[in-house]
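Reviewing the structure listed below.
We count ligands from 1, going down the list as the structure has it; atoms in each ligand are counted the same way.
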Amino acid sequence: MKCLILGGGPAGVAAAKTVRKAKPDADIVIATEEVEAPYMRPLLPDLILGDADAEAILDPQGKDLQEKGIRVDRGRVAVRLDTAGRKVTFADGPEASYEVLLVATGGKPDVPASLRKDSPLIRVFDSWKDSLAIKELAANPGAAVVYGPGFLAIEACRALRKAKKEVVWIQPDLPRIGYPIAGELEASILDEVRNRGARIKEGDDIVEVREKGTDGLIVRTGKGEEIPCAMLVVATERIPSVGFASGSGLAMGTGILVDEFLQTNVYGVYAAGDCAEFKVKGRESRINFGWRSAIRQGQLAGENMAGGRKKFGGKQEDYFWALFGFSLADRVKD
Ligand SMILES: Cc1cc2nc3c(=O)[nH]c(=O)nc-3n(C[C@H](O)[C@H](O)[C@H](O)COP(=O)(O)OP(=O)(O)OC[C@H]3O[C@@H](n4cnc5c(N)ncnc54)[C@H](O)[C@@H]3O)c2cc1C
């Protein structure tokens, strides 16, 4: 069996290891954009703070891939999927063919046009590389502006406050896809963020960012305020990274549509993790995002890719809260 997995996050790695268990002779390749060994995104705030070094945030799941005969091709960005020919084209050359495919490409931050500027002082908060750059900038004097609607912005504020930065959080509308905190819980988390010294500008937006000299920015908000700062952290929602699959015949919503078996509408093609959107008859479709959910989906997809017939029954709340024993509510108090 020739098995290709796109994406080396928790879903892709879990799937590869599960296929290996069931099919000792399978040819398994993970092709993924990032060049780092698999790591735990939820610990990126610790990397910014210096509470964890690069080694400490490596994903234990990913440590024995080579010994298990799973090849990982790093730095490979899928740009086209041909489901009829069963092959994937990458930005950098050779195509890869497959008999069974898993799309586990996760999400990418949805960055508004006004913030897509080529400035070293504007940093997206999503990856290992981003977090090291944020850490470096945070060592400079001056305030940090955080921009984003939800949970990732809370995490960015927490890390930057602990790093003793003055923080202004511009919080536009709620996230589009899923927001696991609401009501009283949300209010108490926002209070904690405020109590730790971040100023929150709810319901505002950024309309312009200009450079001020070489080491400063002026952020202009929709309500007309001008905020001078030394860095801008874009902590926006992660939207499924599935552009390469458009035109492939895969049914898509915001993500790639799958049934309870994590199978797409095309035979032999599965999707799991933050890029998979569940479409179950009679119910609204949803993305069950989150670290544990991605692992669970990866395992199930792996079993089904190897011939199983297991159903995924999760909801994001089942997985999101108990990450490494710390809920978001506890983390902001830390
Ligand atoms: C800063 C931060 C903090 C977080 N904290 C928490 C938390 O506390 N709790 C929680 O539950 N979740 C948290 N999350 C979310 C969690 O990390 C994700 O839900 C989880 O990583 C999803 O796993 P995945 O395998 O689906 O995708 P990802 O982890 O996103 O991995 C997908 C991989 O595919 C690669 N890829 C993307 N497009 C392509 C392409 N075209 N070709 C090849 N490769 C591609 C990506 O570069 C990436 O390496 C956090 C996320 C971030 C960014």
- Item | Enclosure of Arg210 CZ (heavy-atom neighbours >12, cutoff 6.0 Å) |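 Atom CZ in Arg210 is crowded, with more than 12 foreign heavy atoms closer than 6.0 Å.
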- Item | Lys223 side, atom NZ; Ile170 side, atom CD1 - distance, nearest 0.5 Å |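 It comes to 10.5 Å.
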Compare all side-chain heavy atoms of [X] with those of [Y] and state whether any distance is below 4.5 angstrom.
X	Y	value
Ile134	Leu160	yes
Glu277	Val258	no
Pro109	Val234	no
Phe261	Lys311	yes

With heavy atoms only and a cut-off of under 4.0 Å, state how [X] meets ligand 1: side chain, backbone, both or neither.
X	result
Ala11	both
Ala104	backbone
Trp291	both
Glu155	neither
Leu152	side chain

Would you mind running through ligand 1 and noting each atom that sits below 4.0 Å from a heavy atom of [X]?
X	result
Arg76	42 (N), 43 (C), 44 (N)
Gly290	11 (O), 12 (N), 19 (O)
Gly273	26 (O)
Gly7	33 (C), 34 (O)
Gly107	30 (O)
Asp274	18 (C), 19 (O), 20 (C), 22 (C), 26 (O)
Gly9	25 (O), 29 (O), 31 (O), 33 (C)
Phe125	1 (C)

Whether [X] lies under 4.0 Å from ligand 1, heavy atom:
X	result
Asp126	yes
Phe151	yes
Met40	no

What about [X]: any of its N or O atoms under 3.5 Å from an N or O on ligand 1?
X	answer
Phe244	no
Arg238	yes
Ala294	no

With a 3.5 Å cut-off and no angle check, do the side chains of [X] and [Y] form a donor-acceptor pair?
X	Y	result
Glu34	Ser127	no
Ser293	Asn288	no
Asp191	Ser188	no

- Message: Check this for me: does any side-chain nitrogen of one of Asp126 and Arg41 sit under 4.0 Å from a carboxylate oxygen of the other?
- Response: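 Answer for the salt bridge query: yes.
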- Query: Which one of Arg20, Lys21, Lys310 satisfies the salt bridge (Lys or Arg N to Asp or Glu O under 4.0 Å) criterion with Glu303?
  - Reply: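 It is Lys310; the other options fail the test.
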Considering only distance and modelled atom types, tabulate donor-acceptor pairs under 3.5 Å from the side chains of residues 144-152, sequence neighbours left out.
| unit_1 | atom_1 | unit_2 | atom_2 | d |
| --- | --- | --- | --- | --- |
| Tyr147 | OH | Asp205 | OD1 | 2.7 |

- Select the closest option to atom 40 (C) of ligand 1 among Pro42, Ala15, Ala78, judged by heavy-atom distance.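 It is Ala78 that holds the nearest heavy atom.
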